[in-house]
Amino acid sequence: MSIRREDVRYVADLARLELSAAEEEALVAELGAILGYVEKLAELDTEGVPATAHVHDVGTPLRDDVIGNAPNVEALLDNAPERWEGFFRVPKIIE
Amino acid sequence: MSASNLDPSRLTIAAAAERLRRRELSAGEILEACLARIAATEPRLRAFLTVSGELARSQAREADERLRRGEPRSVLDGIPIALKDVFVTRGVRTTAASRILENFVPPYDATTVARLRERGAVLIGKTNCDEFAMGSSTENSAFGPTRNPWSLDRVPGGSSGGSAVAVAAGQCLGALGTDTGGSIRLPAAYCGVVGLKPTYGRVSRQGIVAYASSLDQVGPFGADVRDAAILLEALAGHDPLDSTSAPLPVPRYQDALRPEADGLRVGVPREYFQEGMQPEVESGVREAIAVLESLGAAVEMVSLPHTPYAVAAYYLVATAEASSNLARYDGIRYGRRAAAKTLLETYRRSREQGFGAEVKRRIMLGTYALSAGYYDAYYVKAQKVRTLIRRDFDRAFEQCDVLVAPTAPTTAFRLGEKTADPLTMYLSDVLTISVNLAGLPGMSIPCGVDGGGLPIGLQLIGKPFGEESLLRAAYAYEQATDWHELRPDPALCAAQGPAGGPGDGGARR
Amino acid sequence: MTFEPVIGLEVHAQLLTRSKLFCACSAAFGAAPNAHTCPVCMAFPGVLPVVNRQAVEFAIRAGLAAGCRIAPVSQWARKNYFYPDLPKAYQISMYEAPICVGGRVSFTVGGEHRAVRLTRIHLEEDAGKSIHDAHADSSLVDLNRAGVPLLEIVSEPELGSPAEAAAYLKSLRSIVQYLEICDGNMEEGSFRCDANISVRPAGGDRLGTRAEVKNMNSFRAVERALEHEIARQIAVVSGGGQVVQETRLWDAEREVTRPMRSKEFAHDYRYFPEPDLPPLVVDEAWVERVRAGLPELPSARRVRFVRDLGLPDYDAEVLTARRDVADYFEAAAGGQPNAKAIGNWVMESVLRIVRERRLDDPPRIRDWPVAPEALADLVALIDRGTISGKIAKTVFDEMVASGRPPREIVESRGLVQLTDAAAIAAAVDRVIAAHGDKVAEYRSGKEKLFGFFVGQVMKATEGKANPKQVNDLLRERLRG
């Protein structure tokens with residue numbers, strides 16, 4: 001299955017990646033080759049075969065509804081590229 | 001060689017722990033020996049992204065204090081361990097070999113890191129790897145490639161290349177990596193060390209920078225099988241912070257180490273001996289199988305018919321999960337943010353500048369595989385094929401306890417050899433990927449060298465949570481051979497030594 | 001051509017757990033920005049979700065109350081999209097395999113009982129909060145709410161009018177409040193509603209193109225927004241145009257819906273099973289334990305109030321809308337002969353005070369000063385003729401202010417009704433004697449003056465005279 005340039009653009013938009021024209025071009029070829037390779041999966045009859053999302057049954061781990069130790073929030077916020085008081089600051093969000 | 005004049009950086013963990021206990025050596029001496037080797041070899045090897053010398057020295061001092069009192073916390077107390085730079089480490093920069101996390105200093109530890117700290121291990125530094133663990137050669141690091149200590153023009157394998165090299169070159173006594181499609185086993189094979197990828201769920205993933213959540217698993221590198229068993233015992237166990245970790249008791253893995261293989265049923269998957277395989281790899285592995293047989297193992301051929309589909313299924317499942325896992329790197333709460341006027345530009349440019357080409361390629365592929373109209377044909381199909389691959393193994397394990405095969409079809413390839421063609425690079429993992437898709441334990445141990453002196457890896461594959469059988473087979477083989485004692489020539493790696501090419505490789509330590 | 005609207009509602013109910021859905025941070029409202037966060041809900045590298053058992057139990061409770069099938073195995077899924085208040089850039093939700101399937105919710109509209117079918121109920125995490133108006137060129141992000149558990153309750157598109165939609169919503173809110181899983185506060189956003197609306201020719205069976213309307217934060221807003229949107233769509237279709245499938249925001253000030261501007265990309269959420277969480281297995285024993293602990297629901301209670309306490313349907317509806325109010329009423333009316341009168345007192349006086357004092361949060365009505373037994377005593381004092389209904393209002397206000405029992409207030413302030421015929425007669429005679437001119441006017445036909453005489457007598461007796469006795473006696477004496 002070949003992938004078109006507009007598919008690459010659409011996917012880059014979804015993934016929030018800015019691509020140069022050259023990168024777009026390269027990806028059309030590279031993704032095309034990879035998708036061509038994965039086409040071989042179509043050879044297999046998987047009718048009625050369940051999908052594996054998790055390999056082992058480890059039960060249903062659930063935690064009790066208790067509030068944990070207050071973490072050091074300031075240490076986390078310190079990593080923010082831009083802050084205003086206790087908030088993260090980002091360029092204006094348009095709704 | 002007597003204990004007194006052996007370079008402490010060349011000791012196994014087990015031997016070093018014994019000398020620490022007997023106080024023939026101090027943790028400080030071991031650490032300094034490792035730091036000296038790092039200083040001598042790093043200019044060439046580039047196995048580390050961060051050497052945490054100051055932290056390590058204070059940890060070594062504390063360990064020596066405990067050892068002096070005769071109260072070591074564990075067999076790892078005072079042992080220098082390196083961590084692949086996808087392990088989140090409190091107070092130590094954690095980059096995942098990516099520009100987007102170049103200056104990220106986490107305020108928390110991965111569960112596995114905390115377990116090592118609790119046991120007294122000395123955290124010597126963070127090793128290089130492919131960016132976000134995506135790669136088979138460590139060439140995808142944003143900070144430059146790591147070189148193979150057996151031959152500097154060769155790759156160390158990936159993605160945990162730095163950790164494998166650090167152990168092979170005596171920069172530390174043990175190291176941790178992660179394995180999503182072969183990222184522990186392949187570099188272990190290429191660097192001539194022991195690498196173990198446990199069963200999915202055996203070791204906590206909490207605090208591991210995620211690549212593909214349903215495939216990622218933490219595991220150790222060691223100089224020999226016992227060291228791998230010691231490290232696995234320290235790492236394994238249920239973690240309430242990782243819902244996919246198995247609530248199973250942890251066996252005493254060292255107890256599985258016995259020098260015979262009586263009654264062990266060894267299966268040889270015929271699909272793992274493919275055309276185009278390097279003849280020396282095939283003969284090395286076949287000889288290893290004969291050794292196991294001579295040790296009492298019952299060997300028979302088995303079939304894993306869906307093996308040819310594993311790489312295709314893997315690159316859809318892994319990239320789909322990765323596209324979602326890496327979406328959090330958006331330049332808002334931490335990490336690199338590109339200057340931009342609008343929110344959309346902030347996202348797009350931060351990610352454009354922060355991620356390398358292979359990471360972008362996989363994000364693109366994974367996003368595509370999940371997108372409207374393609375989800376069933378790609379992602380769901382791949383997950384169904386995954387079921388077929390699991391069933392192959394289930395059937396094989398009805399007849400045997402472990403499977404034995406090559407870890408890779410060739411020995412280490414040259415830097416740059418496969419970078420131009422992503423698909424060729426992906427096919428390096430052809431023999432390791434099925435194990436991740438099925439969530440099984442797998443291991444690579446040295447079983448020879450090729451004509452150029454490059455190590456050959458023997459892969460062992462076990463049943464779910466069957467690490468003991470793996471270790472037993474590996475240890476029996478190791479006891480009967482001496483490939484694990486072969487180490488790269490220190491002179492080759494040292495900055496002032498000869499810049500040798502392939503062929504001037506190994507020296508017994 | 002006439003058109004009919006087709007409405008489906010998606011309700012998000014914030015669950016009353018202590019901690020968040022996937023981490024141990026507090027889920028409480030109103031902390032300083034980002035004070036309730038940790039590496040998990042801030043989506044730092046490598047962190048993993050762990051499911052809150054209580055949130056799952058609340059979902060089961062809701063499912064059982066609405067008659068859903070509780071799935072033995074459900075599956076978490078990731079919904080992928082970028083937004084600054086969504087730290088992981090995916091929301092952990094449920095998609096192909098929700099925890100509750102089917103079910104129905106009954107409601108009353110215009111005195112008629114109706115029901116709407118549910119598609120599903122599932123668990124998901126809330127996003128954080130973005131503040132857009134603090135700075136000209138930037139927005140601020142607070143992740144305290146990120147990861148707080150939500151129940152998404154999806155109805156079938158079969159509500160036929162804004163009034164039905166509002167009635168369903170009220171009924172649903174009443175249910176989640178009864179279950180004590182959500183406080184139902186629409187203004188604070190802990191009970192939110194998005195609507196899917198389309199119009200079609202009346203009686204048609206094909207659905208028209210729908211628009212989704214968001215940002216409605218009161219029952220009134222829901223009704224007004226739906227009315228507006230239906231009118232807008234009918235105008236578009238009647239004018240030969242086509243309704244665009246899009247998300248629109250309700251602007252409560254200007255009373256219009258407008259399209260969201262951020263629709264630069266098609267919504268392609270790329271749902272897939274959450275690899276970090278195993279399937280959610282709910283065994284039969286757990287379901288049965290939850291079922292055994294379910295409270296009586298509002299609809300059942302309404303029926304019982306009508307049947308056993310003789311309340312009119314309307315009164316029963318009002319009194320059962322809130323569990324705390326119904327509990328209060330039932331505690332007051334239990335074993336009393338005059339449940340209807342007690343009901344009136346609750347509806348008129350108790351709920352007035354609750355509104356005035358903003359005791360809308362369910363836990364707080366239990367703390368308020370007038371115990372249900374005290375209200376029953378007050379009504380009994382009226383029934384026995386000890387005080388008049390008018391005096392009772394004074395007594396009630398005093399009970400609210402001081403918390404004292406009604407009998408004590410009546411006795412200490414001497415409010416016992418005057419029923420002594422001789423005393424009343426003396427008062428009546430004094431009033432007649434003092435207002436000879438008015439008596440003459442009355443007797444010459446100006447009968448409106450009767451009220452004046454009643455007022456004078458009540459004034460003379462400080463309001464305590466039995467009104468019936470006063471009336472009877474005045475009529476007799478004024479006849480002359």
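Just the heavy atoms: all of them, side chains too, but no hydrogens, waters or symmetry mates, feed the values below. Just so it is clear: chains get the letters A, B, ... in the order the sequence lines come, proteins before strands, and each one is counted from 1.
Inspection of the C/T17 and A/D65 side chains reveals no N or O donor paired with an N or O acceptor under 3.5 Å. Inspection of the C/S19 and A/R63 side chains reveals an N or O donor paired with an N or O acceptor under 3.5 Å.
If you tally non-hydrogen atom pairs under 4.5 Å between each of C/P279, C/A32, C/S130 and chain A, the highest count goes to C/P279. Ranked by heavy-atom pairs under 4.5 Å with chain A, the list C/P273, C/A28, C/A134, C/A136 is led by C/A136. The residue among C/H36, C/Q54, C/H135 with the most heavy atom pairs within less than 4.5 Å of chain A is C/H135.
Looking only at side-chain heavy atoms (C-beta outward), C/P84 and A/I93 come within less than 4.5 Å of each other. Contact of the C/P39 side chain with the A/L76 side chain is registered, since non-hydrogen atoms from C-beta on lie closer than 4.5 Å. Counting only heavy atoms from C-beta outward, the side chains of A/L14 and C/Y81 never approach each other to under 4.5 Å.
Atoms CG and CG, on C/N52 and A/L62 in that order, are 8.5 Å from each other to the nearest 0.5 Å. To the nearest 0.5 Å, atom CG of residue C/N34 and atom CD of residue A/E74 are 10.0 Å apart.
Using a 4.5 Å cut-off between heavy atoms, A/A75 does not touch chain C at all. Heavy atoms of A/N79 lying under 4.5 Å from chain C belong exclusively to its side chain.
Residues of residues 49-56 of chain A placed with any heavy atom under 4.5 Å of a heavy atom in chain C are listed by number as A/A53, A/H54.
Across all their heavy atoms, A/I67 and C/S26 have their closest contact at CD1-CB, 3.8 Å. Annotation for C/D142 and A/F87: closest pair CB-CE2, 3.7 Å, computed over non-hydrogen atoms. Counting all heavy atoms, side chain and backbone alike, A/L77 lies closest to C/M42 at CD2-CE, 3.9 Å.
C/S139 places no side-chain N or O within 3.5 Å of a backbone atom of A/V90 that could act as its donor or acceptor partner.
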